[in-house]
Chemist: 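Okay, handing you the structure first.
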Amino acid sequence: MKTLKFNFIKHLFSGVFAILLSTSSFAALNISSNDTDENKEKEFDVTEMIMHHIKDAHEFHITDWNGHSISVPLPVILWTENGLTVFMSSEFHHDDSGRVIVEKNGQRFVKYHEEIYYATEVVNENGSYINMGAEDHPENMHPMDFSITKLVFTMFLSMGLLLFIFGLSARRYSKDGVPKGIAKFTEPLVVFIRDDVAIPNIGEKHYRKFLPFLLTLFFFIWINNVMGLIPFFPFSANLSGNIAFTFTLAAITFIITTVAGNKNYWGHIFWMPGLPVPMKIFMAFLEFAGIFIKPISLMIRLFANITAGHIIVLSLISLIFIFQTYWIAPVSVAFSLFISIIEILVVAIQAYIFTMLSALYIGSAMEEAEH
Amino acid sequence: MDLLTPDIGLLFWTFMSFAILFFVLKKFAWKPIVKTVNDRENSIREALASADAAKREMQNLTADNEKLLKEARVERDAMMKEARELKTKLIADAKEEAKVEGAKMIANAQAAIQSEKKAAIADIKNQVASLSIEIAEKVVTEELSNKDKQLKLVSDLLGDATLN
């Protein structure tokens, strides 16, 4: 019985990996074929493909089929000079070079490199309604973009998953508090955050107040990291490797730390006890900078780690197209398998580190004077 | 590099999502889960403490029992000793009493014997006296009935009696 179960798990794992690898290679394959269809002589641009994957988009690209892009259109929500404007991204007809104009609310919009601009009156020499400035950067005005982009869509999906998983876990307890079903799996994680992150860093006295924040933070980051690793729709988006995402979470930690900071904490920043006065002034500058450097380090660490993971896997798959031979495929697949396994660890560790350091910063802000 | 410039839309949606997630999960997931876990941990801790207390009580009880047993043994020993002493004393007393009684009885017996003896002797004396008188009477009567003999005796007696 036991071996049967083990075999089943083994097969499940190998199956998942097979899907993981085949879909990621297919996705890359299709992108290249699309490029060659458009421009026969155009070289496969690895940087563009990778950057396209890593960045946000107004539609969720699933795959290409016979040269046609299959993607899920997502709503575009703009705060324009004429107020709120909403339309579906499919109205751009997969155009990303500012050639297709969408007229809404008495305004004309074009999409260029996944940014939405007000279209220029005249078409330029490339056929697009973009006024190219220096360094190939569009000089058009652009509205405030609150679109449900690929990343926002992914975020909502992760929200739904988290609410489902933990809403269900909370109900999966028998009357005498014994976990059942999914709660058996989630409870150790919750207890881990409580016993190994919240209590050691914040202390027995105050940790209860911050535990919900730390739990939400950990699972929100982790689930988005994991979803980024799964290489097919509706996952694969690089949400936790986006600077806006990490910035928001780091900013929340920063605000909590600043609000929770007690007299002792601010005292140590602006008037470090036990130092001569010139040193105190010098340290005040350093410590003041530290207030901001801490959350910035949080922001950059998560962004860089997750983005780097995506870039590595995509680069390894791209080797097939760079060398333009199938013989490199086993090497690519083997390496990306290896990196994917490492990434499974990395994404959990990064979520843990972000949470751990947030708890540490909050804990240091609430530390009582001991001397 | 627009990879490093945060997008206002994503900032907004991330903040909204996180806020909603935080409040909803706090109410419907973290509070119930953490409460259940805490309650369970407390109940386990209490159960362990009570088991410990019970164990300690048991130990106390065993110690008490042993103490009681020891006391009982000591008491028993004391009682045995007392009984033994009592027995010895009783025997000794009985012996003493028997001795005294015996002596008394012997004395009584001796006294009785003595008095019986005296009475017997007195009786014998009386009987001897009467017998003697009877005999003497008979002898005298006999003697006196035989004149020749009388005379002879007197003559013998007289012949023996040298007149000094």
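Residue numbers begin at 1 in each chain, while the letters A, B, ... track the order of the sequences.
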Chemist: Tell me, side chain or backbone of B/Phe15 under 4.5 Å from chain A's heavy atoms, or both, or neither?
Modeler: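 Looking at B/Phe15, backbone and side chain both touch chain A.
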Chemist: Quick check: does any side chain N or O of A/Thr246 sit under 3.5 Å from a backbone N or O of A/Leu302, one acting as donor and the other as acceptor?
Modeler: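 No, because the side chain of A/Thr246 does not come within donor-acceptor range (under 3.5 Å) of the backbone of A/Leu302.
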Chemist: Please report whether the ring centroid of B/Trp13 lies less than 6.0 Å from that of B/Phe18.
Modeler: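 No.
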Chemist: Would a distance-only check, ignoring hydrogens and angles, find a side-chain to backbone donor-acceptor pair under 3.5 Å from A/Asp96 to A/His113?
Modeler: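 At least one qualifying donor-acceptor pair exists.
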Chemist: Using non-hydrogen atoms only, which part of A/Met159 is less than 4.5 Å away from chain B: side chain, backbone, both, or neither?
Modeler: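 Contact with chain B is through both the backbone and side chain of A/Met159.
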Chemist: Taking side chain as everything from C-beta outward and backbone as N, CA, C, O, which of these in B/Thr36 sits under 4.5 Å from a heavy atom of chain A? Side chain, backbone, both or neither.
Modeler: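 The answer is the side chain of B/Thr36.
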Chemist: Quick one: what part of A/Ile300 sits under 4.5 Å from any heavy atom of chain B, side chain, backbone, both or neither?
Modeler: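 Contact with chain B involves no heavy atom of A/Ile300 at all.
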Chemist: Examine A/Phe109 together with A/Tyr117 and report whether their ring centres are nearer than 6.0 Å.
Modeler: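 Judged by ring-centre distance (under 6.0 Å), A/Phe109 and A/Tyr117 do not meet the cut-off.
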Chemist: So for A/Arg172, is it side chain, backbone, both, or neither that comes closer than 4.5 Å to the heavy atoms of chain B?
Modeler: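 For A/Arg172, neither part sits under 4.5 Å from chain B.
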Chemist: Is B/Pro32 close to chain A through its backbone or its side chain, or both, or neither, when contacts mean heavy atoms under 4.5 Å?
Modeler: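 It is the side chain, since no backbone atom gets that close.
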Chemist: If I measure from the heavy atoms of chain B, does A/Leu168 come under 4.5 Å with its side chain, its backbone, both, or neither?
Modeler: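 Neither part.
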Chemist: Test side-chain contact (heavy atoms from CB on, under 4.5 Å) on A/Ile148 and A/Phe156 and set out the steps.
Modeler: CA-CA 9 Å; A/Ile148 308 301; A/Phe156 289 169; 3.8 Å; yes
Chemist: Hey, do the aromatic rings of A/Phe213 and A/Phe220 have their centres closer than 6.0 Å?
Modeler: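 Ring-ring flag for A/Phe213/A/Phe220: false, centres at least 6.0 Å apart.
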Chemist: A/Val152 versus chain B, heavy atoms under 4.5 Å apart: side chain, backbone, both or neither?
Modeler: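 Both backbone and side chain.
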Chemist: Which one of B/Phe22, B/Phe28, B/Phe12 has the most heavy-atom pairs closer than 4.5 Å to chain A?
Modeler: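 Between B/Phe22, B/Phe28, B/Phe12, the count favours B/Phe22.
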Chemist: For each of A/Leu162, A/Asp56, A/Leu211, A/Thr149, tally heavy-atom pairs with chain B at distances under 4.5 Å, and name the one with the top tally.
Modeler: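 Most heavy-atom pairs within the cutoff with chain B belong to A/Leu162.
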Chemist: Indicate, with yes or no, if the rings of A/Phe247 and A/Phe303 have centres closer together than 6.0 Å.
Modeler: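 No.
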